[in-house]
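First the proteins, then the strands, lettered A, B, ... as listed; each starts at 1. Note that the structure is predicted; figures quoted are calculated from it, not measured.
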Amino acid sequence: MINHVLQKFNISGFQQELLEWYYQYKRDLPWRENQDPYRVWVSEIMLQQTKVDTVIPYFHNFLEKFPTVHDLAEADEQDVLKAWEGLGYYSRARNLQHAVREVVAEYDGKIPDNPKQLGALKGVGPYTKGAILSIAFNQPEPAVDGNVMRVFSRVLMIDDDIAQAKTKKLFESVTGNIISKEDPSSFNQAIMDLGATICTPKSPTCMLCPVNEYCRAYAEGVEEQLPIKSKAKKQKSIPYVTLLIKNADDQIIIEKRPEQGLLANLWQFPMIPLTDISKDHVENWFRAEYGLTVKLTKELDHIKHTFSHLIWHMDVMEAETQETDVHDQRLKVIDKADVEQYPFPVSHQKIKKYI
DNA sequence: AAGGCGGGGAC
DNA sequence: GTCCCAGCCTT
């Protein structure tokens, strides 16, 4: 299969044109200041399914708060989540800290430079493993992400469905054969820069591409048809009533989410799913579930929030309680001024303005 | 292999 | 609205 795909492909010529382009035009990014494996690691985790422009401010802030593996290992998980607030996919942050603690405990704080140990760390999958090994340790390991699959699907005119696991393995094999042995770090980063700036998903600017002479899709005029990717199925909708509960002491009540699953360990304003009960029974349901008597006073907002796999419809209500403390483990009474200390998902940040 | 897991920007 | 982004984990 690989032999067939790479037949008559000028690997060394491709490498040379790509690397020359990269040395001249590579993007000036904060995690490219040096090859510190910790910085590379943090950046690669943040960049999973996330755009460069989104990551940059988070990267600066995170490195300022947690400059070394030791700082991150010793940090409170809530502080790590606060630094991740708004970035999404929060298990990345929790897995990263878990893995860093493992590095401190098992490897004396030194990030392992061999594939087996590195790939065994929590949150370090095939892509991130290859990225760290190549970028930080100059090893010729493939790091196949969406960019790589898009670029090589066009260059080599591969029409397999990139949403399938076996297709990713094909691209890992292809990249392992094409990657520069002289400068694997620059090669992998060059493919990513190419995918981000030239070989874009829509309307790629092939006229400016340093390797357009090597691109089979461009030669055939089918670059816009590649890569092939099957559709994701659409989200399910869930209705909620969300309560902004205030008491007489200028305090509000917030809730910590479960330690597993969606938005794990983040905080929110208490939510009642309307899948089982109707809106009329919210006060009773809340008393039964949380042991707290509240009175709904007015409607504040209606928020629609879309996740990758579901949609929340939140009917935001203001509520009053006579209580000054709570008994349910999930709930917490806080001063209004302290709300900024807790990590909230974006969906609930939209409610803060009503406090 | 399929589904859970965020949020934002480009079109 | 759709797509998809420097993906990984669990089942």
Side-chain angles (χ1 to χ4, degrees), chain A residues 26-27 29-32 39-59 81 84-96 98-99 119-136 142-151 161-169 171-172 175 185 187-197 199-204 224 227-236 238 257-258 260-266 268 304-312 343-350:
Chain A
K26 65 179 172 185
R27 292 176 291 175
L29 300 172
W31 44 88
R32 289 180 175 171
R39 291 169 62 92
V40 173
W41 186 6
V42 171
S43 74
E44 291 302 338
I45 300 298
M46 285 188 170
L47 286 161
Q48 288 169 10
Q49 298 293 289
T50 311
K51 293 264 209 295
V52 164
D53 289 343
T54 303
V55 165
I56 289 174
Y58 282 91
F59 180 80
L81 287 173
W84 212 269
E85 182 184 49
L87 197 54
Y89 285 146
Y90 299 94
S91 65
R92 291 184 295 176
R94 305 200 311 138
N95 289 341
L96 175 60
H98 185 278
L121 296 172
K122 203 86 170 170
V124 178
Y127 165 76
T128 305
K129 178 178 65 175
I132 295 173
L133 289 174
S134 60
I135 297 171
V144 173
D145 68 335
N147 285 312
V148 174
M149 289 197 283
R150 183 172 59 257
V151 169
D161 181 2
I162 65 168
Q164 303 219 320
K166 63 177 179 180
T167 304
K168 190 179 171 188
K169 289 178 187 277
F171 281 105
E172 282 169 350
T175 309
S185 169
F187 182 92
N188 278 345
Q189 293 182 87
I191 295 290
M192 295 178 211
D193 273 23
L194 191 67
T197 63
C199 196
T200 49
K202 290 167 188 171
S203 307
E224 300 248 25
I228 303 293
K229 187 176 184 182
S230 54
K231 311 277 187 201
K233 63 179 216 176
K234 75 169 197 179
Q235 306 99 324
K236 286 175 182 160
I238 310 178
R257 292 183 57 85
Q260 292 201 343
L262 182 65
L263 305 170
N265 283 353
L266 271 69
Q268 65 182 16
K304 178 185 174 186
H305 189 83
T306 303
F307 298 84
S308 46
H309 62 301
L310 52 85
I311 301 171
W312 280 359
F344 279 74
V346 168
S347 51
H348 283 256
Q349 290 179 30
K350 299 169 185 168

Stepwise ring-ring contact (aromatic ring centres under 6.0 Å, His included) check, A:W31 with A:F59: CA-CA 8 Å; A:W31 44 88; A:F59 180 80; 5.3 Å; yes
Partners passing salt bridge (charged side-chain N to carboxylate O under 4.0 Å, His left out) against A:R257 (at least two apart in sequence or in another chain): none
Along DNA chain B (nearest heavy atom to each residue), the more 5'-positioned of A:K202 and A:K236: A:K236
B:dC5 to C:dC4 separation - C1' atoms, rounded to the nearest Å: 15 Å
Separation of the C1' atoms in B:dG6 and C:dC3, to the nearest angstrom: 15 Å
OP1 or OP2 of C:dG1 under 4.0 Å from side-chain N/O of A:K304: yes
Protein proximity profile, nucleotides 6-11 of chain C - base contact B, sugar-phosphate-only contact S, no contact -, cut-off 4.0 Å on heavy atoms: BBSSS-
Ring pair (Phe, Tyr, Trp, His ring centres under 6.0 Å) involving A:Y127 - partner list, sequence neighbours excluded: none
Results of salt bridge (charged side-chain N to carboxylate O under 4.0 Å, His left out) for A:E85 - residues two or more places apart only: A:K82
Under 3.5 Å donor-acceptor, A:T167 side chain and A:A165 backbone: no
Residues 305-312 of chain A side chain polar contacts: donor-acceptor under 3.5 Å, at least two apart:
| from | atom 1 | to | atom 2 | distance (Å) |
| --- | --- | --- | --- | --- |
| A:H305 | ND1 | A:K350 | NZ | 3.2 |

Integer angstrom distance from the C1' of B:dG3 to that of C:dA6: 22 Å
Short side-chain N/O contact from A:K229 to OP1 or OP2 of C:dC3, under 4.0 Å: no
Close side-chain approach of A:P30 and A:I56, heavy atoms under 4.5 Å: yes
Sugar-phosphate only, base, or nothing, as touched by A:K350 at under 4.0 Å among non-hydrogen atoms: nothing
Heavy-atom side-chain contact between A:I45 and A:W84 under 4.5 Å: yes
Segment of DNA chain B, first to last nucleotide, that comes within the 4.0 Å heavy-atom reach of chain A: B:dA1 to B:dG8
